[in-house]
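Read the structure below first, then the notes.
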Amino acid sequence: MNQKPVLYRFVNSVIRIGLGGIVFLLLLHSLFSTSFVGRVFLWDGSEQERTLNIVDSPLRHLCIFLFFSISLYLVRGLWQAAKERGILRCGDRCGRFVFWGILAVAFVAAAAFVLMTQLAPGSDPAKVFAIAMQWRQGDFSAFSEDAYLFRYPFQSGIILFYYFLSFPFGMDNYVAIQLVNVVCLVFIYGLLAKLADFFWQGKGLRNVVCLGLLIWTPLAFYVTYLYGILPGMALSLGAVWFAACYLSKRRYCYIVFSSLCMGFATVIKMNCLIYLVAIACFLGYDIVEQLLLSKDASVPKKQRQKNGLVSLIFILALILGVALCNGSSNRIVERITGQELTEGIPMIAWVAMGLQEAPLGPGGYNGYISDVFTQAGYDSEMAAEASVVEVQKRLEWMIENPLKDGLPFLAAKTAFQWNDPTFICLDRTKGRQAAVTVPAPVQSLIDGSGSVKLSVLLNDMQTLIWLGVLLYLLFRWNSGNLYELMGAVIFLGGWLFHLFWESSASYTIPYFVVLIPYAVCGMAEWAAFLGKWVTGLRMAAHGGETEDASGTSGSSAETGRKRKILAALALGFFLLVFSFMRTNLFDRTIALNDDLQGIDASDQFYHRIVWKMEE
């Protein structure tokens with residue numbers, strides 16, 4: 001896949017600069033603070049859940065990164081030495097065996113967790129699952145005025161999905177549906193690993209990515225969460241995989257497969273449209289490149305024109321697939337229930353709520369969407385108009401006082417959604433009724449001392465992941481393959497969408513997961529750089545000529561100038577960041593610490609206190 005240099009540099013730079021800026025912001029959050037779901041006392045003495053922030057140690061994270069870097073260097077050295085001596089002769093067949101072995105371990109571990117806990121659905125998943133079971137009994141009261149599907153008709157797709165699953169698995173068999181989530185989890189791991197292999201061919205990262213996903217556990221905890229997150233993500237990544245295969249092989253069957261995956265994904269979870277937008281962006285780039293800018297003599301002009309036209313048809317097919325799947329789902333729901341789907345609460349209401357304060361955190365659920373719909377007399381148009389007015393008011397409030405109100409609000413909302421290292425997987429798991437006696441070690445992992453250790457470990461891993469993504473951007477800025485940024489664009493879309501939409505770390509976790517392959521690639525590049533750097537130092541010590549990471553002679557005047565420019569830019573950037581760290585705004589946007597507000601946040605995070613409602 002050859003890109004026109006000018007177009008490639010522009011698009012590549014825009015994506016990477018945007019990704020680098022956002023990831024650096026999230027890295028600062030991770031270095032200086034940690035978010036988690038805690039509790040606060042209200043004025044009447046009652047307790048309420050709220051996302052809290054505690055101070056973190058940048059020095060500790062730096063030491064962990066140094067230790068991790070040394071470990072990477074040593075492991076890479078041992079691996080290369082073993083290969084050179086013929087100790088490791090693992091071909092492609094062996095690599096596939098390891099790949100499927102890791103996926104098998106993931107399946108067994110996740111399935112064992114489901115069977116050892118058998119947690120009943122809670123909160124919104126409980127409502128969705130209960131309505132699906134009501135349909136089996138001929139009860140369609142969820143469509144009555146002011147009922148669940150009257151307000152949220154877009155949830156009919158996931159309810160229909162659970163309704164159909166209840167036929168082979170039986171009524172109220174939520175454990176079987178959780179096992180379906182396990183299968184979806186394994187598909188997610190496999191697809192992300194294969195995408196990494198596709199993006200960075202020849203680097204052998206597939207198994208390392210798969211292992212990294214296995215070790216990073218928050219997504220695995222969501223196998224018991226019946227809200228469509230895992231099925232929607234698996235189908236969406238399937239659409240991305242088929243789109244990548246089409247761009248590589250130009251086979252039309254991939255268009256059909258990708259469109260169907262995308263359509264079914266949006267039936268289950270509408271925010272999967274973010275994946276569609278990401279795919280469409282790269283297809284749009286392919287259209288421009290093929291029709292207007294490509295001068296590749298190896299591909300005839302008519303073939304390039306045909307490729308561009310087919311990419312345009314691909315975009316239309318994705319849109320058509322979503323429309324047909326959602327239209328068919330709605331018709332099936334109406335036929336089964338005999339009820340007509342209403343317009344429900346307008347989507348703009350979620351944006352209005354996402355710009356407000358909420359009990360759990362900035363932009364979280366606060367009841368606004370229900371209130372505005374009720375106050376509008378269940379008129380969707382009136383509710384939409386009122387929500388637009390509310391959005392305008394909140395934006396004006398932030399713009400009038402950006403340093404005092406706007407930036408602190410958005411920063412706190414960002415921390416709420418992205419700075420909890422567990423992505424509230426433990427909060428979504430604990431407190432739910434189990435159908436069996438949960439083993440003590442598993443219970444400890446959910447809400448005991450084990451959960452504290454897991455949270456601390458995940459906090460360290462989260463920082464390493466952000467650093468790995470930045471290292472990927474540093475070492476592969478001009479990789480020559482723009483399509484490897486598909487996952488990055490999905491993340492950017494998710495970050496921008498949830499900057500204004502309703503906040504929840506359970507909504508943002510699918511977009512964090514797609515960055516893990518980039519972090520693995522970045523760490524692999526970092527390990528290779530360390531190896532070359534140490535080799536260069538040894539050569540210099542013996543009077544030899546050194547080389548930089550790209551193999552360029554260290555005596556080159558051009559290389560020397562580039563290094564000086566980069567060093568000057570890096571120094572200026574770090575001086576700017578250091579100056580920002582000395583301001584009060586930094587404390588209100590990055591180094592968040594609720595202990596300073598009189599809340600015993602640290603004691604809660606480390607489980608040093610026992611709450612009244614748990615006694």
Side-chain angles (χ1 to χ4, degrees), residues 1 12 15-16 19 23 92 95-96 98-100 102-103 106 183-216 219-220 229-251 253-255 257-262 265 272 274-283 285-286 314 318 465 468-469 471-473 475-476 479-494 509-525:
M1 290 181 278
N12 178 71
I15 296 174
R16 291 177 187 267
L19 179 64
V23 170
D92 186 59
R96 288 197 299 270
V98 173
F99 172 69
W100 289 108
I102 295 174
L103 292 183
V183 175
C184 293
L185 177 75
V186 173
F187 268 96
I188 291 169
Y189 288 175
L191 286 168
L192 284 174
K194 289 182 73 67
L195 280 169
D197 206 29
F198 178 83
F199 293 153
W200 305 295
Q201 297 176 14
K203 287 189 172 294
L205 297 179
R206 180 183 61 186
N207 292 341
V208 184
V209 168
C210 205
L211 183 61
L213 290 165
L214 179 66
I215 295 172
W216 189 79
L219 190 65
I229 293 176
L230 295 180
M233 187 179 179
L235 287 166
S236 298
L237 286 175
V240 173
W241 166 250
F242 288 125
C245 290
Y246 161 76
L247 289 168
S248 175
K249 302 175 183 178
R250 301 291 176 179
R251 294 178 183 173
C253 61
Y254 294 126
I255 297 176
F257 298 151
S258 181
S259 300
L260 288 175
C261 284
M262 199 72 260
C272 290
I274 294 172
Y275 291 80
L276 185 151
V277 173
I279 296 172
C281 286
F282 284 92
L283 290 172
Y285 171 84
D286 184 64
F314 195 163
L318 287 169
I465 291 171
V469 176
L471 289 170
Y472 159 80
L473 292 173
F475 289 109
R476 293 189 60 86
S479 66
N481 178 17
L482 189 69
Y483 298 101
E484 71 182 47
L485 292 173
M486 279 187 173
V489 172
I490 292 170
F491 166 77
L492 288 173
I509 188 172
Y511 310 108
F512 179 83
V513 175
V514 298
L515 287 185
I516 291 179
Y518 295 91
V520 171
C521 181
M523 288 300 181
E525 295 284 352

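A quick note: this is a predicted structure, and the numbers were derived from the prediction, not measured. Throughout, residue positions are numbered sequentially from 1 according to the sequence presented.
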Shortest non-hydrogen contact from [X] toward [Y]:
{"X": "Ala265", "Y": "Gly232", "value": "CB-O, 3.7 Å"}
{"X": "Gly204", "Y": "Val208", "value": "O-CG2, 4.2 Å"}
{"X": "Cys184", "Y": "Ala234", "value": "O-CB, 3.8 Å"}
{"X": "Leu191", "Y": "Gly238", "value": "CD1-N, 3.6 Å"}
{"X": "Ala193", "Y": "Phe99", "value": "CB-CE1, 3.7 Å"}
{"X": "Ala244", "Y": "Leu195", "value": "CB-CD2, 4.3 Å"}

Using side chain to side chain contact (heavy atoms under 4.5 Å, CB included), reason through Tyr511 and Ile274 one step at a time and then give a plain yes or no. CA-CA 10 Å; Tyr511 310 108; Ile274 294 172; 3.3 Å; yes
For the backbone of Arg476 and the side chain of Arg16, can you confirm whether one donor and one acceptor N or O come within less than 3.5 Å of each other?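 Pair found, side chain donor or acceptor close to backbone of Arg476.
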Give a yes or no answer on whether the side chain of Tyr275 reaches the backbone of Ala239 with a donor-acceptor pair at less than 3.5 Å.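 Flag not set: sc Tyr275 to bb Ala239 has no pair under 3.5 Å.
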Over 60° means perpendicular and under 30° means parallel, so tell me whether Phe512 and Trp216 are parallel, tilted or perpendicular.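 If you compare the ring of Phe512 with that of Trp216, the planes turn out tilted.
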Under 30°, 30 to 60°, or over 60°: which ring-plane class applies to Trp200 and Tyr472, parallel, tilted or perpendicular?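 Judged by the thresholds at 30° and 60°, the geometry between Trp200 and Tyr472 is perpendicular.
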Would you say that [X] contacts [Y] through its side chain, given a criterion of any heavy-atom pair below 4.5 Å between the two side chains?
{"X": "Trp241", "Y": "Phe198", "result": "yes"}
{"X": "Phe242", "Y": "Cys261", "result": "yes"}
{"X": "Leu235", "Y": "Phe187", "result": "no"}
{"X": "Val277", "Y": "Val489", "result": "no"}
{"X": "Met233", "Y": "Ile509", "result": "no"}
{"X": "Leu103", "Y": "Cys210", "result": "yes"}
{"X": "Leu211", "Y": "Val98", "result": "no"}
{"X": "Ser259", "Y": "Ile255", "result": "yes"}

Can you tell me how far [atom2] of [Y] sits from [atom1] of [X], rounded to the nearest 0.5 angstrom?
{"X": "Ile465", "Y": "Met523", "atom1": "CD1", "atom2": "CE", "result": "9.0 Å"}
{"X": "Leu515", "Y": "Cys521", "atom1": "CG", "atom2": "SG", "result": "12.5 Å"}
{"X": "Leu185", "Y": "Ile229", "atom1": "CG", "atom2": "CD1", "result": "12.0 Å"}
{"X": "Phe491", "Y": "Ile15", "atom1": "CZ", "atom2": "CD1", "result": "13.5 Å"}
{"X": "Asn481", "Y": "Ser248", "atom1": "CG", "atom2": "OG", "result": "9.0 Å"}
{"X": "Glu525", "Y": "Lys203", "atom1": "CD", "atom2": "NZ", "result": "4.0 Å"}

Go through Leu283 and Leu318 one step at a time and tell me if the side chain to side chain contact (heavy atoms under 4.5 Å, CB included) criterion holds. CA-CA 11 Å; Leu283 290 172; Leu318 287 169; 4.0 Å; yes
Under the side-chain contact (heavy atoms from CB on, under 4.5 Å) test against Tyr189, which residue among Ile516, Val513, Leu213, Leu237 passes?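 Checked Ile516, Val513, Leu213, Leu237 against Tyr189; only one passes side-chain contact (heavy atoms from CB on, under 4.5 Å): Leu213.
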Could you go through the side chain to side chain contact (heavy atoms under 4.5 Å, CB included) check for Arg206 and Arg96 one step at a time? CA-CA 9 Å; Arg206 180 183 61 186; Arg96 288 197 299 270; 3.8 Å; yes
Where do Leu230 and Leu219 land on the side chain to side chain contact (heavy atoms under 4.5 Å, CB included) test, with the steps shown first? CA-CA 8 Å; Leu230 295 180; Leu219 190 65; 3.7 Å; yes
